[in-house]
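So the structure is just underneath, and the comments pick up after that.
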There are 2 protein chains.
Amino acid sequence: MTADRATTTGTEPPRMRADARRNREQILRAAREVFAAQGPEAPLDEIARRAGVGVATLYRRFPNRTDLIRGVAIDVLTALGEAALAARDAEDEPFEALRTFMHAALDLRLGSVMPALIGRLEADDVLDGVRQDAADPVQELVTQAQAAGTLRPDVRFGDLPLMLMRISRPLAGGQLAEDGDLAHRQLEIYLDGLRAPGTCHQRATLPGPAVDLGWFKRIRTRLIGNQPPARPRA
Amino acid sequence: MTADRATTTGTEPPRMRADARRNREQILRAAREVFAAQGPEAPLDEIARRAGVGVATLYRRFPNRTDLIRGVAIDVLTALGEAALAARDAEDEPFEALRTFMHAALDLRLGSVMPALIGRLEADDVLDGVRQDAADPVQELVTQAQAAGTLRPDVRFGDLPLMLMRISRPLAGGQLAEDGDLAHRQLEIYLDGLRAPGTCHQRATLPGPAVDLGWFKRIRTRLIGNQPPARPRA
DNA sequence: TGGAAGTGGAGAAAAACCATCCATCTACGG
DNA sequence: CCGTAGATGGATGGTTTTTCTCCACTTCCA
């Protein structure tokens with residue numbers, strides 16, 4: 001039942017119809033977003049709807065919730081490991097590589113699966129593999145950046161993913177349009193806090209919307225009356 | 001601790017039995033925690049259970065969910081304003097005051113009510129009052145710290161509460177024992193990112209548990225098998 | 001073009017949640 | 001110390017949400 005993996009990890013051909021595979025990826029993407037917004041207990045119907053498929057299709061691919069979460073986890077962790085390697089190759093300076101990676105990880109919505117990984121999923125060879133493949137390059141980036149003296153020496157590995165888990169969850173249940181940009185802005189500030197004391201005179205230019213007090217109040221009033229019910233309708 | 005009564009129309013005597021008032025505060029505290037963990041749609045049963053009272057007691061004090069959210073909001077915002085003033089008076093340096101305030105706000109779980117405030121609650125004189133009382137001192141701290149040159153000039157008011165909303169939500173659905181300490185540690189890093197370029201050579205000593213790669217893996221394995229279902233049993 | 005794999009949506013069964021009622025209990029003024 | 005108004009808890013019924021299967025129909029691919 002777990003035979004078909006859409007990921008191109010192994011040498012075995014997954015033998016899956018093209019539309020089926022496409023739907024599978026749609027489901028995974030939708031699940032990632034919905035899990036990130038509502039947590040790992042989000043209704044599966046909504047995931048199916050967001051993916052543009054029927055519920056039966058979702059249940060065919062992932063017979064139960066745990067399977068779906070595991071699928072998303074493998075998907076995200078795989079992409080995460082690749083992002084770490086890509087960042088390492090793209091940037092010369094280790095801290096800059098770390099920074100690039102963090103922003104990529106934020107876009108991947110790491111926080112959508114980490115809580116489930118921590119609390120719900122039991123270990124597994126495939127899962128352990130991708131987890132290792134995701135964690136090791138990051139640890140390497142940390143080590144290198146600290147050796148280069150650009151990452152402050154008192155931070156540890158956990159300070160990166162644990163913060164990503166927090167930042168990647170949408171504010172206010174996903175109602176804020178600027179949420180993604182705000183997350184990147186706040187991540188940039190956090191990254192500046194991670195710089196080594198010697199190098200911290202070079203602060204990053206903060207991207208995204210700078211929310212002052214007036215805007216902050218406007219965010220509220222703009223949203224009031226928009227969506228009285230929690231769940232947006234189709 | 002704060003906001004003993006629900007409304008402040010001076011004509012009505014508060015006259016509440018001692019045990020009733022005590023229960024009311026228990027409910028508010030429980031609601032704050034549960035809202036922070038699960039969002040403003042959390043089941044009211046769980047809040048009552050966490051508060052150690054029956055459901056009827058909760059419904060008597062707060063006839064519907066909106067009333068409860070409003071109660072929590074007033075409670076938190078009141079305490080928040082007081083914390084801001086206290087921090088201002090306790091610290092000479094404006095940035096240090098800001099730092100003190102942020103840690104206090106984190107303990108108050110600002111994130112438990114902000115999403116609801118943003119999306120669900122409609123304006124109201126009392127609410128607007130406490131909101132103003134909470135926001136104004138913070139804005140003042142920001143202005144002063146930037147004038148003193150210790151807070152970087154490109155941050156804005158929103159960078160503080162919006163980050164608190166993210167940090168104050170428990171990781172992994174409230175299963176992590178070290179969660180509170182981790183949040184304070186990560187807040188400290190964020191605060192270092194908020195320092196002005198000139199003053200950032202003085203980094204704070206990071207508190208709390210430093211989670212390295214090994215510990216990170218251990219967090220997971222320790223929790224596996226602890227609570228397979230999402231909700232802790234009754 | 002045949003047929004196996006894939007699909008969507010209805011709908012029953014189960015679970016979660018809300019909100020009220022009432023018998024019992026307790027703080028507190030006299 | 002007592003009477004009582006106010007407060008409490010948990011059972012309960014009704015409603016909504018969510019799960020997950022079934023089957024007639026469609027689509028890819030050899």
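The structure displayed is predicted, hence computed values, not measured ones. Chain naming here is simple, since letters A, B, ... match the order of the sequence lines and numbering starts at 1 in each.
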So, is [X] close to the [N] phosphate, meaning a side-chain N or O under 4.0 Å from OP1 or OP2?
X: B:R61; N: D:dT8; value: yes
X: B:N23; N: D:dT8; value: yes
X: A:T57; N: C:dG6; value: no

- [ ] Can you measure from CE (B:M102) to CG (B:L194) and round to the nearest 0.5 angstrom?
- [x] 6.5 Å
Could you give the [atom1]-to-[atom2] distance, from [X] to [N], as a whole number of Å?
X: A:F62; N: D:dT19; atom1: CZ; atom2: C1'; result: 17 Å
X: A:E41; N: D:dT17; atom1: CD; atom2: C1'; result: 14 Å
X: A:D45; N: C:dA16; atom1: CG; atom2: P; result: 16 Å
X: A:L58; N: C:dG6; atom1: CG; atom2: P; result: 15 Å
X: A:Q38; N: D:dT17; atom1: CD; atom2: P; result: 13 Å
X: B:I47; N: C:dC17; atom1: CD1; atom2: P; result: 11 Å
X: A:N64; N: D:dT19; atom1: CG; atom2: C1'; result: 12 Å
X: B:R49; N: C:dC18; atom1: CZ; atom2: C1'; result: 16 Å

Open item on the list: Between A:L44 and B:V53, which residue's closest nucleotide on DNA chain D lies nearer the 5′ terminus?
Closed with: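 Final value for this comparison: B:V53.
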Contacts of type salt bridge (Lys or Arg N to Asp or Glu O under 4.0 Å), residue [X], not counting sequence neighbours:
X: B:R65; answer: none
X: B:D181; answer: none
X: B:D45; answer: none
X: A:R109; answer: none

- [ ] Please list all pairs passing the salt bridge (charged side-chain N to carboxylate O under 4.0 Å, His left out) test where one or both residues lie in residues 161-170 of chain B, with sequence neighbours left out.
- [x]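 Sorted result for residues 161-170 of chain B: A:D179-B:R166.
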Task: Residue mapping more 5' on DNA chain C - nearest nucleotide basis, B:R65 or A:V55 - done: A:V55
Open item on the list: If the threshold is 4.0 Å, N to carboxylate O, is there a salt bridge linking A:R131 and A:D128?
Closed with: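 Result for this pair is yes, salt bridge flagged.
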Task: Summary of protein contacts for nucleotides 22-30 of chain C, nucleotide by nucleotide, where a base hit scores B, a sugar-phosphate-only hit scores S (4.0 Å, heavy atoms) - done: ----BSSS-
